[in-house]
Amino acid sequence: MTKQSAPTPGGSEQALNKTPGRTLGFSIMVVMIVFVAWWLQYQASLDQSDQNSNTRLTENLDGFRADVFFLPDAPMLGFVEIPAGTFTMGSNPALDRMAYQNERWSNLERQGEVSLPAFYIAQFETTAAQFNAFVRDTGVGTAATAGSPGGAYPITNVTWPEALAYGRWLQTQLLDSEQTPQALRTILENGGRVILPSEAEWEKAARSTDGRVFPWGARPQTAFANFNSEATLPVGSRSCVDCAYGLSDMAGNVWELTRSPLQDYPYDPAEETTLADGDPLYVMRGGSYSDSANNVRTAVRGAVDPGVRSDTIGFRLVITPQ
Amino acid sequence: MTSSTQADKPNSNTASGGGLALGKLPVALGLTAALLLLSFVPRVQENATLAASFYGTVAVLLIWQAYQLFLVNRIGSSYGFHVLLRPQHYVQAMVQSSVYLYWGFFWRPVYEHAWLILAQIIFAYAFDMLLSWARRRDYTLGFGPVPIILSVNLFLWFRDDWFYMQFLMIALGFLGKEYVRWNREGRNVHIFNPSAFALGLFSLVLILTNTTHLTWGQEIASTLTLAPNIYTFLFLAGLVVMYFFSITLVAGMAAITLLGFSALYSASTGVPYFLDSEIPAAVFLGLHLLITDPSTSPRTPLGKVFFGVLYGLGVFGLYTLLGALGTPTFYDKLLCVPLLNLSVIAIDKTVRSIDSEAITNVWRNSWFGGRGNVAHMAIWILFFGAMSLFGKMDGQHTGDSLPFWEQACADGLPNACERLVQLERTYCNDNAAWACNELGAHYREAQIVAADEDLALAFFARACELKFQAGCVNLLEQDSIARAEPRELDLRLLLREGGQNLMEAPLPELYERACNHNWSFACQRSGNQT
């Protein structure tokens, strides 16, 4: 019900007293629709750019080259050659009392001989800065970088497919980049593939041809590796001049994914691409900061679901010949 | 059927005047306070943007009320409201509520959304009230806003980070009802069904700006079938509305048209028109609850028939058009309603111009003892019963079967390969690793889709993360394609037929079902299991 008093004369009063017309209402609706369309479009574009810039890039990182995807400032961008040849794989409990059963080669043999062609392995575990460059470029793997301390710390919380995707991306970048050393470029142009190591490649790189229990020798040394500790350290923090091939953190810091599915020894590279019954598990090597000495031995075989993320699991890459 | 006409002379049960200087502004203030209170419930507080949407809405309402108060004091007039309870509002609201209750029992986000629906209803009352007063008119207080809000939310709601758009959508619906009007048969009435107007316009904007993902539209459209026998439920609920408001001709003809054209398409091409049903459940819901507003549909019986047929044709055509444009097809049921609303005068005129006794008399109520609607309902019941008997409503549908689409694609049947890929995408999103691996294989082998190695690797990666070893092998070996049969877990997702995942189904039953879907490996295992 309406209660009205007589309108007061005057321009503004008349305007106030007038019922708002349809034109005004219609105009408000049109403005509203245009605004909504513009705002949705604008926000959507912002979301996209946010997603792309969600990762931090460290501009200056000592020992790493910002102009080459934060790879080490070394002649082959940190890839170290492992010569072709045979090495001893698996554990001999007589020499290594901490050996697990799954490190035994067969019912008849404790260890086996495996021959590999030459390959190149990264001196360090893949760092957060390196992986960030990939995430920034592709949008893949954002979950890994979300809680990462960044910089030269090893990247963790990476799934197995993401680690492979990083390798593929790096291969493309290295082929395209003018900063790539010629020797490295030649390897790639001749079919070299940037990928996770097989567990045989990893083990050979870790223990060399002299069958070491730890990358530096027969006894655990906390000075050479980050294990039995509370957190990861920047890659290469523990100097290990005695380690095979001069590689860092092959023991401890983070478990390192390999491209090999977990299979009973004897090791057979063909099983990497053979479909097996049951859910796949992929071998990881080297133990992590939170493990004790027995789990950071060169022959230890851990395994993980390919979709798992963990702050104790990272990876390093190899370049394999075709 | 969601609104009353402003030009209707209110037949109020209670008339309440604005005897005080403030009029009834405190009522609007109370609603605003209620909205503010709602913003403190945990469901709202868990998302900062959602809470801010509430605060912003409250602020706008308060500013508007302050302006109204200024006007009251300045020009000395205030407005009140009439209380008018229309059955078409509260019956409609009750039917819609029953759909929410049933659907939400099987898809819990609906229940979690309840607080937000309540907030929208409160906002709708406050907004509609202030709009009436701004137009120097008493507000007709009833259940009018409730079915509008419930109707909107049955088809589209924005995600929490974008919820302020939901309030804008509601506001647009009421503005459209107030300002977009015409004279129809001597009465000044709104042109568009308020909920369909808001849904239609926002759908268009979302499509044009490619921001569909900001809403729950896709999930809403695809989760109705999680409720068992949803078609039967909607049919029964629809009967209530049909009985009270004589909308049988509209809804029934829309359904019959869709089923008819769908059957024609299927007979001529060998594949179903809609992916996994004869009529998508959300469309079936829409034709009962979205297009049946008597104020915005034709008055004549034959006009209602045309209206229903046109809706059916509109949905049928839009489904293909939207699919061809690469936009989500669930908008098919929303986009054509405003256009149909615009055509009602033309439809009525056309019908009245038909100078044929035979045609016009077909719909004469006297033939049915003045109970034409009941007769129409009887025909509709028979029709639905027959369709159910032939398995065209609830139950397994040809399009639910992936082997069917694989074979149809291999045979080169129309759209079969596109549908196969679409279906596999749906199941891959459901975490069926087999489907992800198949998608990756399609993009690598480039036989039914264009080659896209990046996309292939993304799908293989997804399959691998879901522990499907063939997907992992495909990541390592880029020159070949590894495939494997679906695992038990995959089958529990792939065989759901639009319903709930079959996580609890016993293994023999699972393989038997897979065998019925023509998975040949499952027929062998089904034999072994039994």
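Only a predicted model underlies this, so the values are computations on that prediction, with no experimental measurement involved. Sequence lines set the chain letters: A, B, ... in the order given, protein chains first and strands last, and positions in each chain run from 1.
- Between Q41(A) and N210(B), the closest side-chain pair of non-hydrogen atoms is not below 4.5 Å.
- The minimum heavy-atom distance linking R487(B) with D279(A) is given by the pair NH1-OD1, 3.6 Å.
- Using a 4.5 Å cut-off between heavy atoms, I195(A) touches chain B through its side chain atoms alone.
- V473(B) and T273(A) make their closest contact through CG1-O, 3.8 Å (heavy atoms, listed as atom of the first residue, atom of the second, distance).
- The contact between I28(A) and chain B is made entirely by side chain atoms (from C-beta outward), counting heavy-atom distances below 4.5 Å.
- Nearest approach of V205(B) to A37(A), heavy atoms of both residues: CG1-CA, 3.6 Å.
- Among the candidates V180(B), L131(B), L208(B), the residue making the largest number of heavy-atom pairs closer than 4.5 Å to chain A is V180(B).
- Taking chain B as the reference chain and counting heavy-atom pairs below 4.5 Å, the highest number among G307(A), P261(A), P161(A), G167(A) is found for P161(A).
- With a 4.5 Å cut-off on non-hydrogen atoms, F202(B) touches chain A through its side chain but not through its backbone.
- Contacts of L164(A) with chain B are made by side-chain atoms alone, with heavy-atom separations under 4.5 Å and no backbone atom involved.
- Residues C464(B) and P306(A) approach most closely at O-CG, 3.1 Å, considering heavy atoms.
- Within 6.0 Å of CG in D268(A) there are more than 12 heavy atoms belonging to other residues, nucleotides or ligands.
- In this structure, the portions of M29(A) lying under 4.5 Å from any heavy atom of chain B include both its backbone and its side chain.
- The two residues Q478(B) and R168(A) come nearest to each other via the heavy atoms NE2-CD, 3.1 Å.
- Only the backbone of T274(A) comes within less than 4.5 Å of a heavy atom in chain B; its side chain stays farther off.
- Contact of L201(B) with chain A is made through the side chain alone, with heavy-atom distances under 4.5 Å.
- By number of non-hydrogen pairs under 4.5 angstrom with chain A, the leading residue of E465(B), E477(B), M165(B), R462(B) is E465(B).
- Residue F174(B) does not touch chain A at all, counting heavy-atom pairs closer than 4.5 Å.
- Using a 4.5 Å heavy-atom threshold, the side chains of W162(B) and Q43(A) count as touching.
- Listed options F35(A), W160(A), F26(A), W38(A) were ranked by heavy-atom pairs under 4.5 angstrom with chain B; first place goes to W160(A).
- Scanning all heavy atoms of the two residues, the minimum distance from K467(B) to P280(A) falls at O-CD, 3.1 Å.
- Listed options N474(B), L168(B), L457(B), D454(B) were ranked by heavy-atom pairs under 4.5 angstrom with chain A; first place goes to L457(B).
- Here the CD1-CG distance, from I33(A) to L172(B), works out to 5.0 Å after rounding to the nearest 0.5 Å.
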